[in-house]
Novice: 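Below is a structure I'd like to ask you about.
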Amino acid sequence: MCGIIGYIGKEKSLPILIQGLKALEYRGYDSAGVAVFASDTVKVRRSVGQVKELERTLNNDLDIASHLGIGHTRWATHGIPSEENAHPHSDCQNRIFVVHNGIIENYKELKEYLKHRGHHFTSDTDTEIVPHLIEDFLKSNHDFSTALLDALKMIRGAYAFAIIDAKNPNTLYAARFSSPLVIGVGEGENFLASDPSALVGRTKNVIYLKDKELAEITKDNINIINLEKQKTPLEIVQLGLSLEQAQKGNYPHFMLKEIFEGPEVVRSALRGRLKSKENLVKLGGLEQIADKLKGAKRLLILACGTSYYAGLVGEYLFEEIAKIPTEVHFASEFRYRDEPLDQDTVAIAISQSGETADTLAAIRKAKEYGLITLGIINTVGSTIARETNAGVYNHAGPEIGVASTKAFISQLTILVLMASYLSKSNEYSLSNALLQELEAIPEKIKAILDQSSQLEALAEKYKHYDNFLFLGRKYNYPVALEGALKLKEISYIHAEGYGAGEMKHGPIAMISEKFPTMMIIPQNSVSEKMFANLEEIKARKGPVFAIATEGDQNIATLANDVFFVPKTIEPLEPFLTIVPLQLFAYYVGTKRGFDVDKPRNLAKSVTVE
Ligand code: AGP
């Protein structure tokens with residue numbers, strides 16, 4: 001959940017480190033720091049707050065001649081955001097400098113062990129044990145890489161490290177286990193980053209470091225070894241990322257840009273995969289296991305956060321379209337629950353980043369039980385994508401806004417394709433109607449985006465409430481949950497999503513003039529039930545903001561405010577009912593004065609448990 005950057009080469013390292021850290025700030029932004037090699041010593045600067053605060057403190061130093069450096073933007077796990085706890089951390093001699101993303105689970109024991117051996121600590125972090133551990137091994141073995149390897153063998157937990165050694169001014173060291181780390185391959189220079197988006201505009205060639213690998217990087221060479229000191233081949237892959245994609249364009253925030261990418265995101269997820277006239281879905285990434293998949297007796301969807309809510313829509317789709325019993329589990333619960341798992345069950349991980357620690361662990365557990373594992377993943381080359389047996393990439397492009405929006409729309413698209421792909425011949429009629437209508441969805445989303453100013457005005461009206469209830473049924477129950485999550489994440493309003501049928505079993509107690517309800521009430525097989533719930537809320541003077549279907553004459557007579565969405569078939573309604581909720585959350589958050597791209601306490605990719 002932190003961002004790591006590293007550089008070795010002919011350029012001045014500081015400007016490159018600062019620019020890279022700014023691109024990684026969506027991973028964590030409560031403090032930052034750099035260590036650069038300049039005129040035979042290592043200079044360190046750390047500060048509390050965003051990278052621009054660090055840049056301000058660097059001021060004239062930004063220009064110093066330094067060809068080697070590492071940098072870090074933090075999302076605190078151990079120790080409050082402070083200068084002492086900011087990275088890099090060093091050893092007693094100020095020889096070794098380390099930046100880290102992840103959590104060292106056995107840091108307390110190692111810290112006690114090192115204290116007994118005379119080491120002094122200045123921070124509350126888990127990371128600080130690493131430079132001291134290397135320093136300790138260097139006492140008995142002068143080869144830096146060997147000392148580093150020995151230290152890595154002592155560490156338990158998740159890590160991505162970038163390390164410099166004051167006695168080795170021509171080498172940048174890196175190591176990873178579970179947390180992501182890529183090497184950017186340049187001409188006479190090389191880079192390190194937690195995520196390729198920080199390398200856009202610097203290089204198109206990257207190497208994804210694998211678990212338990214250590215890299216020794218000079219400006220002209222990259223040597224990768226595993227923990228047994230065996231050399232591993234360099235697998236260089238081309239980055240398909242454009243600078244434009246990694247930047248905001250004319251939008252004030254990445255979140256708004258990504259919401260407006262909705263129509264294009266559906267098209268790119270469908271590209272080359274759908275021939276609706278022949279009712280044909282082609283998912284190349286699943287072909288190698290198609291028979292096993294089509295024979296599946298049960299599907300387990302494993303995910304977290306927004307991806308989990310997309311999975312809940314998937315549950316309805318797989319059961320209604322493909323007639324396969326489906327369960328959706330919070331990955332953080334699945335990894336510790338003891339449930340019967342058999343080989344007729346297929347596990348599907350849904351993850352935008354492909355690095356979420358709980359989802360990765362859940363998939364590894366499913367593999368241990370011999371289940372086929374699939375991924376619906378957006379980030380190409382990410383760990384979950386590489387560790388699942390097969391899968392489908394979203395092709396939604398990088399999602400930089402911390403609050404996931406376009407990835408949700410893209411995940412829905414893939415789930416509809418997979419449900420049709422798994423549908424048996426006798427359900428073709430429904431899946432055919434689905435695929436035909438799916439091609440019309442991008443235009444219908446655009447129609448909603450064209451009315452965004454309406455939602456901005458409604459956000460102005462509702463921005464002062466501190467509580468909000470979101471209600472939906474069937475396919476719109478997960479939309480209620482996701483809509484509430486977006487408002488929580490972006491505006492810090494206490495918003496709760498609920499199945500409307502459950503309201504009478506408790507939440508109705510909260511209803512009052514001060515507690516508005518967002519009703520997701522399109523015209524469909526359950527709208528009558530929704531209208532009954534709406535009446536119950538009106539009877540208790542609760543303000544109601546309704547998301548309804550164009551042409552619905554009744555709703556306006558009951559709800560205080562209505563936003564209309566185009567008509568579509570029930571299984572595809574989430575595509576249209578979620579977009580106004582994404583926009584509503586965005587406008588409420590910005591009107592309450594918050595930086596919606598960097599919501600407090602959140603990070604884009606949760607790579608620790
Ligand atoms: C959603 O807006 C949040 N950023 C968060 O809940 C996110 O969906 C969750 O951490 C899962 O991330 P993933 O899709 O990258 O696995």
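Both counts, for ligands and for their atoms, begin at 1 and track the order of listing.
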Novice: Considering only protein heavy atoms, which is closest to atom 4 (N) of ligand 1, and at what distance to one decimal place?
Specialist: V402 O, 2.8 Å
Novice: Show your working on side-chain hydrogen bond (donor to acceptor under 3.5 Å, both in side chains) between N101 and S194 and close with a plain yes or no.
Specialist: CA-CA 8 Å; N101 171 30; S194 293; 4.6 Å; no
Novice: Which atoms from ligand 1 have a heavy atom of S404 less than 4.0 Å away?
Specialist: 1 (C), 2 (O)
Novice: Identify the closest protein heavy atom to atom 12 (O) of ligand 1: which residue and atom is it, and at what distance?
Specialist: T356 OG1, 3.4 Å
Novice: Counting from 1, what ligand 1 atoms have a heavy atom of S351 closer than 4.0 Å?
Specialist: 13 (P), 14 (O), 15 (O), 16 (O)
Novice: So, do R74 and T125 sit near enough that their side-chain heavy atoms are less than 4.5 Å apart?
Specialist: yes
Novice: Can a non-hydrogen atom of K486 be found less than 4.0 Å from any atom of ligand 1?
Specialist: yes
Novice: To check your reading of the model: name the closest protein heavy atom to atom 10 (O) of ligand 1, its residue, and the distance in Å.
Specialist: V606 CG2, 3.9 Å
Novice: Does C304 come within less than 4.0 Å of ligand 1, judged by its heavy atoms?
Specialist: yes
Novice: I need the atoms of ligand 1 closer than 4.0 Å to a non-hydrogen atom of G305, numbered in the order shown.
Specialist: 6 (O), 8 (O)
Novice: Here's a test for you: under side-chain contact (heavy atoms from CB on, under 4.5 Å), which of I104, N106, I155 qualifies with D126?
Specialist: I104
Novice: Can you sort out which atoms of ligand 1 are near A403, meaning under 4.0 Å from one of its heavy atoms?
Specialist: 2 (O)
Novice: Is the distance between the ring centroids of F584 and F468 under 6.0 Å?
Specialist: yes
Novice: Begin with the C-alpha distance, continue with both residues' side-chain angles, and end with the deciding distance and a verdict on ring pair (Phe, Tyr, Trp, His ring centres under 6.0 Å) for F260 and Y251.
Specialist: CA-CA 9 Å; F260 274 77; Y251 292 91; 5.8 Å; yes
Novice: Assess whether side-chain hydrogen bond (donor to acceptor under 3.5 Å, both in side chains) is satisfied between E355 and T383, documenting all intermediate values.
Specialist: CA-CA 6 Å; E355 301 293 351; T383 309; 2.7 Å; yes
Novice: If you measure from each non-hydrogen atom of E489 to ligand 1, which part falls under 4.0 Å: side chain, backbone, both or neither?
Specialist: side chain
Novice: What atoms of ligand 1 come within less than 4.0 Å of a heavy atom belonging to Q352?
Specialist: 13 (P), 14 (O), 15 (O), 16 (O)
Novice: Is it the case that ligand 1 has an N or O less than 3.5 angstrom from some N or O of S353?
Specialist: yes
Novice: Looking only at distance, does Q411 have an N or O less than 3.5 Å from an N or O of ligand 1?
Specialist: no
Novice: K604 to ligand 1: N or O pair under 3.5 Å?
Specialist: no
Novice: In sequence, state the C-alpha distance, the side-chain angles, and the governing distance for V346 and I289, and then conclude on side chain to side chain contact (heavy atoms under 4.5 Å, CB included).
Specialist: CA-CA 11 Å; V346 168; I289 50 120; 6.0 Å; no
Novice: Nearest to atom 8 (O) of ligand 1, what protein heavy atom do you find, and at what distance?
Specialist: T306 N, 3.0 Å
Novice: Could you go step by step and tell me if E399 and N378 meet the side-chain hydrogen bond (donor to acceptor under 3.5 Å, both in side chains) rule?
Specialist: CA-CA 9 Å; E399 186 175 66; N378 189 38; over 6 Å; no
Novice: Do F470 and Y498 make the cut of ring centroids closer than 6.0 angstrom?
Specialist: no
Novice: Aromatic ring centroids of Y475 and Y477 under 6.0 Å?
Specialist: no
Novice: Taking only heavy atoms of S307 into account, list the atoms of ligand 1 that are under 4.0 Å away from them.
Specialist: 8 (O), 13 (P), 14 (O)
